[in-house]
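Heads up, the thing below is written out as structure tokens.
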Amino acid sequence: MKRGGSVYIMTNQHHTTFYVGVTSDLPKRISQHREKFYPTSFTAKYNINKLVYFENLPTIKEAIAREKQLKAGSRKKKLNMINTMNPKWDDLYDVIKKW
């Protein structure tokens with residue numbers, strides 16, 4: 001059985017810095033970011049702890065390809081995606097932590 005994957009965008013309190021990531025376990029990975037599980041990581045250094053966008057894909061391979069596509073895209077494209085899915089810029093962690 002193939003395992004699905006998720007691609008996600010996180011930001012800091014003031015929405016000045018974005019982080020695009022990929023994982024096979026979205027709730028666990030977002031929890032790690034929020035808890036600064038890796039204290040020297042980019043997300044820990046820049047206090048990136050707010051999940052503002054995610055997509056679930058059928059396979060991890062597709063999620064990795066989508067992550068590369070998002071990372072190569074402009075900030076404007078990321079802003080448009082976030083504004084479409086999450087116009088209030090709510091922290092979506094509460095939505096996904098129940099999975």
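Since the model is a prediction, treat every value here as computed from it, not as a measurement.
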task: Measure across A63 and S6 and return the closest heavy-atom pair with its distance rounded to 0.1 Å.
output: CB-N, 3.9 Å
query: Are V22 and M81 connected in the hydrophobic side-chain network, where two residues link if heavy atoms are under 4.5 Å apart?
result: no
query: If only atom types and distance count, is the side chain of K77 paired as donor or acceptor with the main-chain N or O of L70 below 3.5 Å?
result: no
Separation between CG of N86 and CG of L92, rounded to the nearest 0.5 Å: 4.5 Å
query: According to a 4.5 Å side-chain heavy-atom criterion applied to Ile, Leu, Val, Met, Phe, Trp and Tyr, with indirect links allowed, do V95 and M85 form part of one hydrophobic cluster?
result: yes
task: Could you pull out the closest heavy-atom pair between A44 and P39, with the gap in Å?
output: CB-O, 3.5 Å
message: Within the supplied structure, the quantity of interest is the number of heavy atoms (other residues, nucleotides, ligands) at a distance under 6.0 Å from K61 NZ; does it exceed 12?
response: no
- prompt: Same cluster or not: are F37 and M10 linked, directly or through other Ile, Leu, Val, Met, Phe, Trp or Tyr residues, by side-chain heavy atoms under 4.5 angstrom apart?
  reply: no
query: Between K50 (side chain) and W89 (backbone), is there a donor-acceptor pair under 3.5 Å?
result: yes
- prompt: Which heavy atom of K97 sits nearest a heavy atom of P27, and at what distance?
  reply: CA-CB, 4.2 Å
message: Show the nearest heavy-atom pair for residues I9 and V20, with the distance to one decimal.
response: CG1-CG2, 4.0 Å
Side-chain heavy atoms of N49 within contact of R34, under 4.5 Å: yes
- request: Give every residue pair that meets the ring-ring contact (aromatic ring centres under 6.0 Å, His included) criterion with at least one member in residues 53-82, sequence neighbours excluded.
  value: F54-W99
- line: Here the pair of heavy atoms bringing V52 nearest to I82 is CG2-CD1, 3.7 Å
field: F42, CZ atom: more than 12 neighbouring heavy atoms under 6.0 Å
entry: yes
task: Taking T84 for its side chain and N80 for its backbone only, find out whether a donor-acceptor pair lies under 3.5 Å.
output: yes
task: Supply the atom-to-atom distance K78 NZ to S74 OG, rounded to the nearest 0.5 angstrom.
output: 6.5 Å
field: Partners passing side chain to side chain donor-acceptor pair (under 3.5 Å) against T17 (at least two apart in sequence or in another chain)
entry: none
query: Can you tell me how far the OG1 atom of T11 sits from the OH atom of Y46, to the nearest 0.5 Å?
result: 13.0 Å
- prompt: What closest approach, in Å, do T23 and R29 show between heavy atoms, and which atom pair accounts for it?
  reply: OG1-CB, 3.7 Å
- request: Using side chain to side chain donor-acceptor pair (under 3.5 Å) as the criterion, list what pairs up with D90, not counting sequence neighbours.
  value: none
task: Find out if a path of hydrophobic residues (ILVMFWY) with successive side-chain heavy-atom gaps under 4.5 Å connects Y8 to I60.
output: no
task: Kindly compute the distance separating NE2 (H33) from CG (N47), expressed to the nearest 0.5 Å.
output: 13.5 Å
- prompt: Would a 4.5 Å heavy-atom cut-off, applied to side chains only, mark K71 and K68 as touching?
  reply: no
- request: Could you grab the distance from atom CG of N12 to atom OG1 of T43, nearest 0.5 Å is fine?
  value: 11.0 Å
- request: Please round to the nearest 0.5 Å and tell me the distance separating atom OG of S31 and atom CD1 of I96.
  value: 8.5 Å
